[in-house]
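Data first, discussion second: the structure below is written as structure tokens.
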2 protein chains.
Amino acid sequence: MKIDSGACMYTISDVAKLLGITAHTLRYYEKEEIIAPIRNANGERVYDDSNLAWLRFVMRLKQTQMPISQIREYAQLYLEGVHTTQARLNLLEDHRNSVQDQIRNLTATEKVLNDKIAAYKNFINKGTGIR
Amino acid sequence: MKIDSGACMYTISDVAKLLGITAHTLRYYEKEEIIAPIRNANGERVYDDSNLAWLRFVMRLKQTQMPISQIREYAQLYLEGVHTTQARLNLLEDHRNSVQDQIRNLTATEKVLNDKIAAYKNFINKGTGIR
DNA sequence: AATTGACTTAGAGTAAACTCTAACCTATAT
DNA sequence: ATATAGGTTAGAGTTTACTCTAAGTCAATT
């Protein structure tokens with residue numbers, strides 16, 4: 001069913017397009033208890049702006065290597081209410097540490113690659129056996 | 001068979017320990033044509049320092065999200081000799097671009113997490129429904 | 001009224017990267 | 001001599017995260 005535009009409601013394929021993923025994947029995330037959009041009279045999923053904001057944050061977590069299981073854990077803590085605030089904060093801080101580790105690791109690798117690339121450019125076509 | 005220490009030769013479990021992976025994984029990498037150590041009279045793998053240096057670089061590539069298939073491609077280009085130098089350089093430059101993208105993405109996520117963590121700390125135990 | 005297109009479900013299939021098992025071999029230690 | 005601690009192989013199994021299929025529903029267009 002098409003949704004009245006301007007009402008801040010989106011079909012599953014609208015959201016898929018906006019996030020650059022498929023509707024299949026969105027249903028999978030629902031099965032994994034990461035998101036639970038409401039349904040219209042016809043049983044179809046209806047996403048609102050808060051769903052979209054949450055999913056955009058989920059995509060960030062995913063892109064920075066948080067596993068689905070941990071994203072689900074965070075989502076479920078949120079559903080359990082205010083008494084899980086500290087647990088959620090801990091989870092966010094753990095992930096920030098992981099993100100900072102990854103940045104350090106990537107920066108070190110960037111340097112290694114820069115050196116190797118420079119060596120390749122320097123000796124290219126001279127058969128010096130760089131690896 | 002134990003290897004004479006000081007000779008710069010390592011058994012599969014030596015290497016596994018040094019890299020923080022299992023011997024199983026090292027055999028898997030060999031099946032995937034990422035490394036081919038020599039064998040001793042007994043058919044056992046013997047790794048030298050150049051094997052170790054290559055594997056350390058492989059671990060870097062892996063930690064920065066290069067898939068096994070691409071690492072194998074690079075390893076095979078090296079085996080094919082000097083005429084693949086340009087191809088290897090291209091591969092390294094592509095991966096450097098990927099590394100730089102990842103750093104940008106992680107840095108942006110770090111900022112988002114910092115803001116969220118600050119908001120959680122600010123409003124903790126006040127029931128303001130932060131997600 | 002029938003076709004089209006987008007949605008629904010349960011569940012099967014896939015790809016990547018391990019991870020493990022079973023059966024066997026071999027050198028050193030008791 | 002035998003037990004133990006390592007190594008070997010082929011191949012099966014596992015985990016994660018999708019990805020797809022089949023059969024069906026529903027609303028809007030022709």
Side-chain angles (χ1 to χ4, degrees), chain A residues 1-5 7 9-48 51 55 57-76 95 98, chain B residues 1-5 7 9-48 51 55 57-76 95 98:
Chain A
M1 208 194 285
K2 209 162 274 180
I3 279 174
D4 171 40
S5 72
M9 286 153 65
Y10 313 93
T11 65
I12 194 164
S13 56
D14 289 340
V15 175
K17 256 163 239 156
L18 287 166
L19 299 179
I21 60 179
T22 67
H24 287 306
T25 303
L26 280 167
R27 290 189 202 101
Y28 164 70
Y29 289 164
E30 195 169 334
K31 196 156 56 184
E32 291 296 316
E33 295 167 280
I34 282 172
I35 187 164
I38 58 157
R39 302 297 181 110
N40 66 16
N42 204 10
E44 293 170 5
R45 292 162 179 86
V46 178
Y47 297 80
D48 65 15
N51 291 153
L55 283 170
F57 184 56
V58 167
M59 295 319 281
R60 266 208 176 290
L61 296 178
K62 276 199 50 57
Q63 280 158 16
T64 56
Q65 321 305 319
M66 187 185 282
I68 292 287
S69 58
Q70 218 171 117
I71 299 175
R72 173 179 45 235
E73 201 180 319
Y74 184 76
Q76 291 189 340
H95 189 58
S98 153
Chain B
M1 209 194 283
K2 210 160 271 179
I3 279 176
D4 170 39
S5 71
M9 285 155 62
Y10 313 93
T11 66
I12 194 164
S13 55
D14 290 341
V15 176
K17 257 162 237 154
L18 287 166
L19 299 179
I21 60 178
T22 68
H24 287 305
T25 304
L26 279 167
R27 292 190 201 99
Y28 164 71
Y29 288 165
E30 195 170 333
K31 197 158 56 185
E32 292 296 319
E33 295 167 281
I34 281 172
I35 187 165
I38 57 157
R39 302 297 181 109
N40 67 14
N42 204 10
E44 292 171 8
R45 292 163 180 84
V46 178
Y47 298 79
D48 65 14
N51 291 154
L55 283 170
F57 184 55
V58 168
M59 297 317 283
R60 264 206 180 292
L61 296 178
K62 275 199 50 57
Q63 280 158 15
T64 57
Q65 322 304 319
M66 187 186 281
I68 293 287
S69 58
Q70 218 170 119
I71 299 175
R72 173 180 45 235
E73 201 179 319
Y74 184 75
Q76 292 189 339
H95 188 58
S98 152

What is the distance from atom [atom1] of [X] to atom [atom2] of [Y], rounded to the nearest 0.5 Å?
X       : Y       : atom1 : atom2 : value
B:Lys2  : B:Asp14 : NZ    : CG    : 9.5 Å
A:Tyr47 : A:Thr11 : OH    : OG1   : 9.0 Å
A:Ile35 : A:Leu55 : CD1   : CG    : 3.5 Å

Within this structure, what is the [atom1]-to-[atom2] distance between [X] and [N], rounded to whole angstrom?
X       : N      : atom1 : atom2 : answer
B:Glu33 : C:dA17 : CD    : P     : 15 Å
B:Leu61 : C:dA16 : CG    : P     : 18 Å
A:Tyr47 : C:dC7  : OH    : C1'   : 11 Å
B:Ile35 : C:dC18 : CD1   : C1'   : 17 Å
B:Glu32 : C:dA15 : CD    : P     : 14 Å
B:Arg27 : D:dA12 : CZ    : P     : 18 Å
A:Glu30 : C:dC7  : CD    : P     : 14 Å

Pairing residues for [X] by the side-chain contact (heavy atoms from CB on, under 4.5 Å) criterion, not counting sequence neighbours:
X       : value
A:Ala16 : A:Leu26
B:Ala23 : B:Ile12, B:Arg27
B:Thr64 : A:Leu106, A:Thr109, B:His95, B:Val99
A:Asn40 : A:Met1, A:Asn42, A:Glu44, A:Val46

Fill in: Heavy-atom pair of closest approach, residues B:Val15 and B:Tyr10
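Scanning both residues, the minimum pair turns out to be CG2-CB, 3.6 Å.
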Worksheet entry | Exercise: identify the closest heavy-atom pair between A:Ile3 and A:Met9 |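 Looking at all heavy atoms of both residues, the closest pair is CG2-O, 3.3 Å.
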Extract from the structure each pairing of a protein N or O with an N or O of nucleotides 20-23 of chain C at less than 3.5 Å, listing the distance.
none

Item to complete: Write out all pairs satisfying salt bridge (charged side-chain N to carboxylate O under 4.0 Å, His left out) with one or both partners inside residues 61-75 of chain B, taking only residues at least two apart or from two chains.
Response: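 As it turns out, the salt bridge (charged side-chain N to carboxylate O under 4.0 Å, His left out) pairs with a partner in residues 61-75 of chain B, which skip direct neighbours, are B:Glu32-B:Arg72.
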Discussion item. Strictly by salt bridge (charged side-chain N to carboxylate O under 4.0 Å, His left out), give each pair with a member in residues 33-43 of chain B just once, sequence neighbours left out.
Written reply: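 As it turns out, the salt bridge (charged side-chain N to carboxylate O under 4.0 Å, His left out) pairs with a partner in residues 33-43 of chain B, which skip direct neighbours, are B:Glu30-B:Arg39.
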Polar atom pairs (N or O), protein with nucleotides 14-18 of chain D, under 3.5 Å:
unit_1 : atom_1 : unit_2  : atom_2 : d
D:dA17 : OP1    : A:Ile68 : N      : 3.3
D:dA17 : OP2    : A:Ile68 : N      : 3.4
D:dC18 : OP2    : A:Tyr29 : OH     : 2.9
D:dC18 : OP2    : A:Lys62 : NZ     : 2.9

Practice prompt. Using only side-chain N and O atoms of A:Arg45, determine if any of them is under 4.0 Å from OP1 or OP2 of C:dC7.
Written response: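 A:Arg45 to C:dC7 OP1/OP2: no side-chain N or O under 4.0 Å.
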Worksheet item: D:dT9 phosphate, OP1 or OP2: any side-chain N/O from B:Arg39 under 4.0 angstrom?
Response: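 Yes, such a contact exists.
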Discussion item. Under the rule for side chain to side chain donor-acceptor pair (under 3.5 Å), what residues qualify as partners of B:Tyr29, not counting sequence neighbours?
Written reply: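 Residues passing side chain to side chain donor-acceptor pair (under 3.5 Å) with B:Tyr29: none at all.
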Fill in: Contacts of type side chain to side chain donor-acceptor pair (under 3.5 Å), residue A:Gln63, not counting sequence neighbours
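Applying side chain to side chain donor-acceptor pair (under 3.5 Å) to A:Gln63 gives B:Asn105.
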Discussion item. For DNA chain D, which residues of residues 11-19 of chain B approach it to below 4.0 angstrom with any heavy atom?
Written reply: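 The stretch gives B:Thr11, B:Ile12, B:Ser13 as the residues lying under 4.0 Å from the strand, ordered by number.
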List, with names and distances, any nitrogen or oxygen atoms from the protein found under 3.5 Å away from nitrogen or oxygen atoms belonging to nucleotides 24-30 of chain C.
unit_1 : atom_1 : unit_2  : atom_2 : d
C:dT26 : O3'    : B:Asn42 : ND2    : 3.4

